[in-house]
Amino acid sequence: MCEGMSSWILTHQCVVVLFIYCMPICQAFLPNFWSRVLTLSWDSNTHQYMTEQAILNITMETLSKMMERQHDVNNEELVDLVSLICLFQYTGLGRGFWHAVGEVASANAEMDFLSSTCSDPVYHFDSERVEGATQMLREFWGRTVLLTQAKEYQGARRSLGQLFHSLQDFYSHSNWVEMGQQAVYLHLLHPEEPSVPVETPTCAECYRFSCYNNLLEEMIHQTEPLLTTGYFSAYPVKPPGKCSHGGILDSSRHQGAEGGINKDSTSPLFSPHHYLHKEAAHLATTATLRVLQDLRNEVGPKSFFRSEQPPALVFVMDTTGSMFEEITAARLRALSIIQAREKSQRTSLPGTFILVPFHDPGFGPVMETDDPYQFMQYMEDLAALGGGDEPEMCLSALQLALTHSPPLSEIFVFTDASPKDHHLQSAVQALILEKQTKVNFLLTEDLSHTGRGKGMRTRKRRESLPPGRFSLYSSLSSLSGGMTIFTTKTDIHNVSAIVEDTTTSSKVESTGNTRGPKDLEAIGRFLKKI
């Protein structure tokens, strides 16, 4: 038995050494699942877990409220309500939803890894920088609201994740829990007056891993809250008698007063107040949910849930004179998708419709709308005019489409010309990988086609065109997981059915989501009721 115990202790020591060398010297709630594994504190709540729980809770809460209101709204409100229900049906169980959640959680966890934020006490409520950290929280809040209102949803998710990190750290790094507080500190984001760090000693000496009652009596029994937070590492210098963050990664723990007060984990090696971890995590999760509720009330439910933005349906259209058949086919397919999804109870419309035309030498503008019938009007206004030669500005238009579309969208490019702007290949490839967007090319060429309609002209004969002129399209579609389809003018209407088939296919859950089957089943039950 002694041998077994010694082996376990040795293993734990090895894991701790591995954690110290693999993780940055930065302390907060553990960032994610793997840090919980490395510290062997299996029951610790991580930044990732608390963030995901809060987002799931706000989603369930909103769904419940929507169900309660569905019989008590006027016609205009009913339209908005149906729109929101469709949005939940499209994203609730799909990879788009979990990708958005993952972006928020990743931005949160990254605060412990980025050199610009890891060691700055203002981002973690360390070293009694309460006033500066509160100001930083309000800046994150204002930025998140502005980005959401401007439909810059990816930036809004990043800002929201950063806000959550600092907010959650407050409850672990301060003496708020030790005061016996059971509610969140609302003044952090809506302060009526600034929080001022105390100038007197705050902690007593503690020479053990677990520190009980090391906060001075006057710090925890106050009529008015008297906040303090622990000092971490060598900067800023810890004054005598102040509390340390504590734990084996904190070099300031050996300076008077020795010990620490952090509640980041359930492990006494890393958290001297580990026994209050659950209380701190509960308040941090509650505060995170409160921020989400405030954000929903500030920007409205529709804009709020656009921050969990579903993929867009994107058309990139060559509008030169020979493209009459392709434009007609694209119009019919777009209309077919819209009509089919309006009639179906199991599918819904994409969140955004985007159209980007191009020819030579022009491309754009980007036409973006949430209204499917406005999108159809954009399609109707397209005219196949001019052109008649090779090549065209296809990659410039594709770059615009990728820049303006949300992650995980699907883009359909209709053209019969090779790209003139080869120099954009690397930029387009980078955007495809960043946005995880699927790009499909529908390429037509029919040398026997003489053109129909005003302004129609046939492109140069095959003999004058290089045989591998479409190879770049094939490379881009392969990189993105899309398709390159070659067809003729006469077959384009049949081949374009691929647009409908792929956009209405079953949604794939992101492999990165950490929800269990019970959570997904619960969401599913709500959606079925709606």
Student: In terms of the angle between their ring planes, are Phe125 and Phe170 parallel, tilted or perpendicular, with boundaries placed at 30° and 60°?
Tutor: perpendicular
Student: Is a side-chain donor-acceptor pair under 3.5 Å present for Gln48 with Asn108?
Tutor: no
Student: Where is the tightest heavy-atom contact between Ala156 and Thr148, given as atom of each residue plus distance?
Tutor: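 Heavy atoms only, the tightest pair is CB-OG1, 3.4 Å.
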Student: Please find the pair of heavy atoms, one from Phe140 and one from Ser166, that lie closest to each other, and give the distance.
Tutor: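 Looking at all heavy atoms of both residues, the shortest contact is CE1-OG, 4.3 Å.
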Student: What's the spacing between Thr59 OG1 and Leu292 CG if we round to 0.5 Å?
Tutor: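 Between atom OG1 of Thr59 and atom CG of Leu292 there are 8.5 Å.
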Student: Atom SG of Cys394 and atom CZ of Phe363: how far apart are they, to the nearest 0.5 Å?
Tutor: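 Nearest 0.5 Å value for the SG-CZ distance: 11.5 Å.
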Student: Under 3.5 Å, is there a donor-acceptor pair between the Thr444 and Thr487 side chains?
Tutor: no
Student: Quick check for you: to the nearest 0.5 Å, what is the distance between Leu160 atom CG and Tyr153 atom OH?
Tutor: 14.0 Å
Student: About how many Å separate OG1 of Thr320 and CE of Met393, when rounded to the nearest 0.5 Å?
Tutor: 13.5 Å
Student: When rounded to the nearest 0.5 angstrom, what distance separates OH in Tyr171 from CG in Asp264?
Tutor: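 One finds 15.0 Å between OH of Tyr171 and CG of Asp264.
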Student: Looking at Glu326 and Arg331, is any side-chain nitrogen of the basic one under 4.0 Å from a carboxylate oxygen of the acidic one?
Tutor: no
Student: How about Asn297 and Gln293: does a side-chain donor come under 3.5 Å of a side-chain acceptor?
Tutor: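 Judged by distance alone, the side chains do not pair up.
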Student: Go through the side-chain N and O atoms of Asp421 and Ser396 and say whether any donor and acceptor fall under 3.5 Å apart.
Tutor: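 A donor-acceptor contact under 3.5 Å links the two side chains.
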Student: Would a distance-only check, ignoring hydrogens and angles, find a side-chain to backbone donor-acceptor pair under 3.5 Å from His124 to Thr117?
Tutor: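 Present.
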Student: Apply side-chain contact (heavy atoms from CB on, under 4.5 Å) to Leu443 and Tyr473, showing your working.
Tutor: CA-CA 9 Å; Leu443 306 175; Tyr473 296 152; 3.6 Å; yes
Student: May I have the step-by-step check of side-chain contact (heavy atoms from CB on, under 4.5 Å) for Asp370 and Phe353, ending in yes or no?
Tutor: CA-CA 6 Å; Asp370 295 335; Phe353 298 87; over 6 Å; no
Student: Using side-chain heavy atoms (C-beta onward) and a distance below 4.5 Å, is Met136 in contact with Arg129?
Tutor: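 Side-chain contact under 4.5 Å: no.
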Student: Decide whether Gln168 and Thr288 meet the rule of one side-chain donor and one side-chain acceptor closer than 3.5 Å.
Tutor: yes
Student: Is there side-chain contact between Ser106 and Glu103, with heavy atoms separated by less than 4.5 Å?
Tutor: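 Heavy-atom side-chain distance check fails, nothing below 4.5 Å.
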Student: Please determine whether side-chain contact (heavy atoms from CB on, under 4.5 Å) holds for the pair Thr144 and Gln162, giving the CA-CA distance in whole Å, both sets of side-chain angles, and the decisive distance to 0.1 Å.
Tutor: CA-CA 10 Å; Thr144 302; Gln162 293 170 327; over 6 Å; no
Student: Could you tell me the separation between the OG1 atom of Thr319 and the CD1 atom of Ile327, rounded to the nearest 0.5 Å?
Tutor: 6.0 Å
Student: Go through the steps to decide whether Arg143 and Glu152 satisfy the test salt bridge (Lys or Arg N to Asp or Glu O under 4.0 Å), and finish with yes or no.
Tutor: CA-CA 11 Å; Arg143 188 184 310 160; Glu152 297 289 341; over 6 Å; no
Student: Can you tell me how the ring of Phe315 sits relative to the ring of Phe414, calling it parallel under 30°, perpendicular over 60° and tilted otherwise?
Tutor: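 Ring orientation of Phe315 relative to Phe414: tilted.
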Student: Quick one about Gln135 and Arg138 (side-chain donor to acceptor, distance below 3.5 Å, no hydrogens or angles considered), yes or no?
Tutor: yes
